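Here's the structure we're looking at; comments come further down.
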Amino acid sequence: MHFYNSMTRSKESLVPIEAGHVKLYTCGPTVYNFAHIGNFRAYTFEDVLRRTLLYNGCRVTQVMNLTDVDDKTIRGATAAGVPLKTFTAPYVQAFFADLKTLNIQPAEVYPAATDHVPEMLALVEKLFARGLAYKSDDGSVYFSVAKLPGYGKLSHLDRDQLRAGTRVAQDEYEKESYGDFAVWKSWDAHDGDVFWDSPWGRGRPGWHLECSAMAMKYLGETFDLHTGGIDNLFPHHENEIAQAEGATGKPFVNLWMHCAHLRVNGEKMSKSLGNFFTLRDLLGTGWSGREIRYVLINGHYRQPLNFTFDALDAARSSLARIDECVDALTVLAGQTASGALPAWAVLGRQAFEAAINDDLNVPEAFAALFALVRESNSAMHQSALTPEHAAAVLAVFDALDGVFGLIRFGRALGAGMPPEIEALVQARAAARANKDFAGSDRLRDELAAKGWEVRDSKEGQKVKRL
């Protein structure tokens with residue numbers, strides 16, 4: 001597997017620190033509102049990455065943080081007049097529901113920032129001990145970027161642009177705001193009852209500190225992979241590196257991966273343009289999580305993705321093509337054990353693997369999938385596919401779906417047919433083979449009465465729920 005490392009700006013082989021075990025940190029949501037589809041562009045990219053690692057036989061330990069204390073969550077809780085945890089809880093629940101809707105595999109650990117303040121305090125103390133942190137007049141603690149050699153190496157900043165002593169207090173800021181950043185923010189009246197006691201006074205951790213502390217707690221001081229959206233590269237990930245490496249003196253992460261922005265109808269997503277969508281907005285207009293997932297993953301993660309309703313329409317048609325092929329294979333295979341894999345299917349699987357292991361080239365991986373669909377339909381049309389072959393080809397589709405997460409997701413496929421329905425489908429196939437068309441029609445009507453449609457095509461019977 002080769003992936004593009006944002007640090008070195010080149011493709012590199014992934015060589016886990018522990019053979020066969022990849023430790024992965026993925027930046028999760030700030031739970032002050034419902035996640036929007038731009039967020040899910042990142043989460044689905046990370047899901048395809050995780051699934052690719054599993055496809056290649058790796059064990060994966062994935063950590064995805066939940067940012068439940070920062071400027072936004074505090075503002076939201078204050079405006080609602082409720083405790084912080086009460087305010088964030090519904091958005092945490094909604095996030096996990098959205099993950100299921102998009103068939104995103106769960107991470108092994110979802111640490112919440114508010115549950116890990118002791119680890120953050122310990123990290124700040126290490127920064128003080130190494131001369132990298134200082135307390136300001138207002139009681140906040142800042143990281144001195146000028147004192148860390150190599151600060152800016154991820155975002156390739158010109159160190160001459162750094163303004164020593166210039167302080168940035170807010171959690172999120174623009175790329176031009178080069179300066180010392182807050183690792184501990186002193187309490188003020190705007191924070192209400194959100195604070196923790198520390199050696200430097202009441203306050204709360206900075207956003208950047210949270211991820212450094214939680215990543216190292218669960219994955220170690222140095223781990224394999226860290227991902228996120230390109231907007232996280234600076235300042236968030238740059239500051240994560242500074243805090244972790246400043247405290248330990250060790251490399252923080254071996255390989256960084258970032259996905260590009262999502263645009264909607266060619267424009268930046270914003271409420272003022274009327275193109276701002278949460279997942280719930282799209283579901284409410286009749287699109288399925290399966291169709292939305294198809295659009296979100298069907299592009300190279302390092303290229304901007306343009307999300308349109310035309311793309312959702314195309315996804316619906318493409319999925320129907322896949323479904324018809326897989327259903328026909330399922331009917332043909334029946335309960336037959338898998339046999340030898342046809343040569344064209346071997347080549348298709350190899351093409352898929354070459355694409356997905358080359359920096360997650362999903363467009364080429366989809367091309368390999370649809371080549372398999374074409375070859376399968378052609379073989380069935382020519383009656384060149386035995387049930388044993390069909391079973392073997394189905395196994396390839398299932399293997400590829402381990403990465404795509406689309407084919408078996410949310411569908412009642414042939415493999416999931418009730419035994420009674422499957423028996424009727426097989427009986428009808430036998431009736432047609434024996435030219436018993438009256439019996440074939442009777443069985444078709446019986447299937448329809450039970451809620452299943454059977455259509456005859458050049459590739460054979462195609463079966464789906466009504």
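Predicted model only: the values in this text are computed from it and were never measured.
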Worksheet item: Would you say L262 and L296 make side-chain contact, with heavy atoms under 4.5 Å?
Response: yes
Discussion item. Is there a salt bridge (Lys or Arg N to Asp or Glu O under 4.0 Å) between K85 and D115? Walk through the geometry before answering.
Written reply: CA-CA 11 Å; K85 283 280 193 182; D115 296 331; 3.7 Å; yes
Worksheet item: Taking atom CZ of F34 and atom CG of D281, what is their separation to the nearest 0.5 Å?
Response: 9.5 Å
Discussion item. If you define the side chain from C-beta out and look only at heavy atoms, does anything of C27 sit under 4.5 Å from H226?
Written reply: yes
Item to complete: Go through the structure and list residues passing side chain to side chain contact (heavy atoms under 4.5 Å, CB included) with H261, not counting sequence neighbours.
Response: I230, D231
Discussion item. Please check: side-chain N/O of D70 versus main-chain N/O of W207, any donor-acceptor pairing under 3.5 Å?
Written reply: no
Discussion item. Quick check for you: to the nearest 0.5 Å, what is the distance between D224 atom CG and L255 atom CG?
Written reply: 9.0 Å
Item to complete: Mind running side chain to side chain contact (heavy atoms under 4.5 Å, CB included) on V63 and F223 for me, showing each step along the way?
Response: CA-CA 11 Å; V63 177; F223 57 93; over 6 Å; no
Worksheet item: Relative to each other, are the rings of F234 and Y151 parallel, tilted or perpendicular (30° and 60° limits)?
Response: perpendicular
Item to complete: Give the ring-plane orientation class for H237 versus H258, where under 30° counts as parallel, over 60° as perpendicular and anything between as tilted.
Response: tilted
Discussion item. I want to check something: taking the side chain as every heavy atom from C-beta on, are H36 and N39 in contact at a cut-off of under 4.5 Å?
Written reply: yes
Worksheet item: Where is the tightest heavy-atom contact between E210 and V69, given as atom of each residue plus distance?
Response: OE2-O, 2.8 Å
Discussion item. Under 6.0 Å between ring centres: does that hold for F181 and Y142?
Written reply: no
Practice prompt. Report yes if the side chains of D180 and Y134 come closer than 4.5 Å at any heavy-atom pair, otherwise no.
Written response: yes
Practice prompt. Give a yes or no on this: more than 12 heavy atoms of other residues, nucleotides or ligands lie within 6.0 Å of atom NZ of K217.
Written response: yes
Response to the item:
Test side-chain contact (heavy atoms from CB on, under 4.5 Å), reference L225, set L14, T26, V253, output is L14
Worksheet item: Among side-chain atoms of E238 and S155, is any donor-acceptor pair under 3.5 angstrom?
Response: yes
Worksheet entry | Atom pair CG/CG of D191 and D71 - distance to nearest 0.5 Å | 8.5 Å
Fill in: Main-chain N/O of S10 paired to N5 side chain as donor or acceptor, under 3.5 Å
no
Worksheet item: Hey, is the main chain of N103 close enough, under 3.5 Å, to the side chain of R293 for a donor-acceptor pair?
Response: yes
Worksheet item: In terms of side-chain geometry, is the basic nitrogen of R302 or D359 positioned less than 4.0 Å from the acidic oxygen of its partner?
Response: yes
Practice prompt. Could you tell me if the ring centre of F366 sits under 6.0 Å from that of Y294?
Written response: yes
Worksheet item: Would you say the ring centroid of Y55 lies under 6.0 angstrom from that of F352?
Response: yes
Worksheet item: Is there side-chain contact between T248 and M216, with at least one heavy-atom pair below 4.5 Å?
Response: yes
Practice prompt. Answer yes or no: is there a donor N or O on one side and an acceptor on the other, between the side chain of S13 and the main chain of V15, under 3.5 Å?
Written response: no
Worksheet item: Has the side chain of H190 got a donor or acceptor atom that lies under 3.5 Å from a matching backbone atom of T78?
Response: no
Practice prompt. Say whether, by atom type as modelled, one donor and one acceptor occur between the side chain of D327 and the main chain of E324 under 3.5 angstrom.
Written response: no
Practice prompt. Could you check if a side-chain atom of M7 sits within less than 4.5 angstrom of a side-chain atom of I241, using non-hydrogen atoms only?
Written response: yes
Worksheet item: For the side chain of T222 and the backbone of P251, is there at least one donor-acceptor N/O pair under 3.5 Å apart?
Response: yes
Worksheet item: Do the ring planes of H116 and Y218 sit parallel (below 30°), tilted (30 to 60°) or perpendicular (above 60°)?
Response: perpendicular
Worksheet item: Relative to the ring of H208, is the ring of H236 parallel (under 30°), tilted (30 to 60°) or perpendicular (over 60°)?
Response: tilted
Worksheet item: Sub-3.5 Å donor-acceptor pair from the side chain of Q243 to the main-chain atoms of L209, do we have one?
Response: yes
Fill in: With K126 via side chain to side chain donor-acceptor pair (under 3.5 Å) - residues at least two apart
none
Response to the item:
Across all chains, not counting sequence neighbours, the side chain to side chain donor-acceptor pair (under 3.5 Å) partners of K268 are none
Item to complete: Check the pair D98, Y43 against side chain to side chain donor-acceptor pair (under 3.5 Å), reporting the backbone distance first and the verdict last.
Response: CA-CA 11 Å; D98 289 348; Y43 304 145; over 6 Å; no
Discussion item. Side chain to side chain contact (heavy atoms under 4.5 Å, CB included), that's the test. Do I297 and L406 meet it? Break it down for me.
Written reply: CA-CA 10 Å; I297 71 172; L406 288 168; 3.9 Å; yes
Worksheet entry | F277 side chain reached by F40 side chain, heavy atoms, under 4.5 Å | no
Worksheet item: Does the side chain of N306 pick up a donor-acceptor pair with the side chain of T308 at under 3.5 Å?
Response: no
Fill in: Residue pair D138 / D188, side-chain heavy-atom distance below 4.5 Å
no
Worksheet item: Just by modelled atom types, is the A112 backbone N or O under 3.5 Å from a matching donor or acceptor in the D68 side chain?
Response: no
Practice prompt. Tell me, with the steps shown, if F307 and R41 meet side chain to side chain contact (heavy atoms under 4.5 Å, CB included).
Written response: CA-CA 10 Å; F307 191 97; R41 200 276 159 106; over 6 Å; no
Worksheet item: With ring centroids as reference points, do Y301 and Y4 lie under 6.0 angstrom apart?
Response: no
Discussion item. Salt bridge or not between R50 and E108? Use side-chain N to carboxylate O under 4.0 Å.
Written reply: yes
Discussion item. To the closest 0.5 Å, what do you measure between CZ (R280) and OG1 (T101)?
Written reply: 7.0 Å
Item to complete: Using the six-membered ring wherever Trp is involved, compare the ring planes of F95 and Y110 and label them parallel, tilted or perpendicular (cut-offs 30° and 60°).
Response: perpendicular
Fill in: Ion pair check, R51 and D401, cut-off under 4.0 Å
no
Worksheet item: Nearest heavy-atom pair of A244 and S212: which atoms, and what distance?
Response: N-OG, 4.3 Å
Discussion item. With a 6.0 Å cut-off on the ring centroids, do Y32 and F87 count as close?
Written reply: no
Worksheet, complete the sentence: Here the gap from T61 atom OG1 to L53 atom CG, rounded to the nearest 0.5 Å, amounts to 11.0 Å
Fill in: Side-chain (S140) to main-chain (S186) donor-acceptor, under 3.5 angstrom
yes
Worksheet item: If we ignore angles and hydrogens, is there a donor and acceptor under 3.5 Å between the side chains of H300 and Q303?
Response: no
Practice prompt. Check the pair D358 / E364 against side chain to side chain contact (heavy atoms under 4.5 Å, CB included), numbers first and verdict last.
Written response: CA-CA 10 Å; D358 181 16; E364 287 296 320; over 6 Å; no
Item to complete: Rounded to the nearest 0.5 Å, what's the gap from CD1 on I407 to CG on L369? Could you check?
Response: 5.0 Å
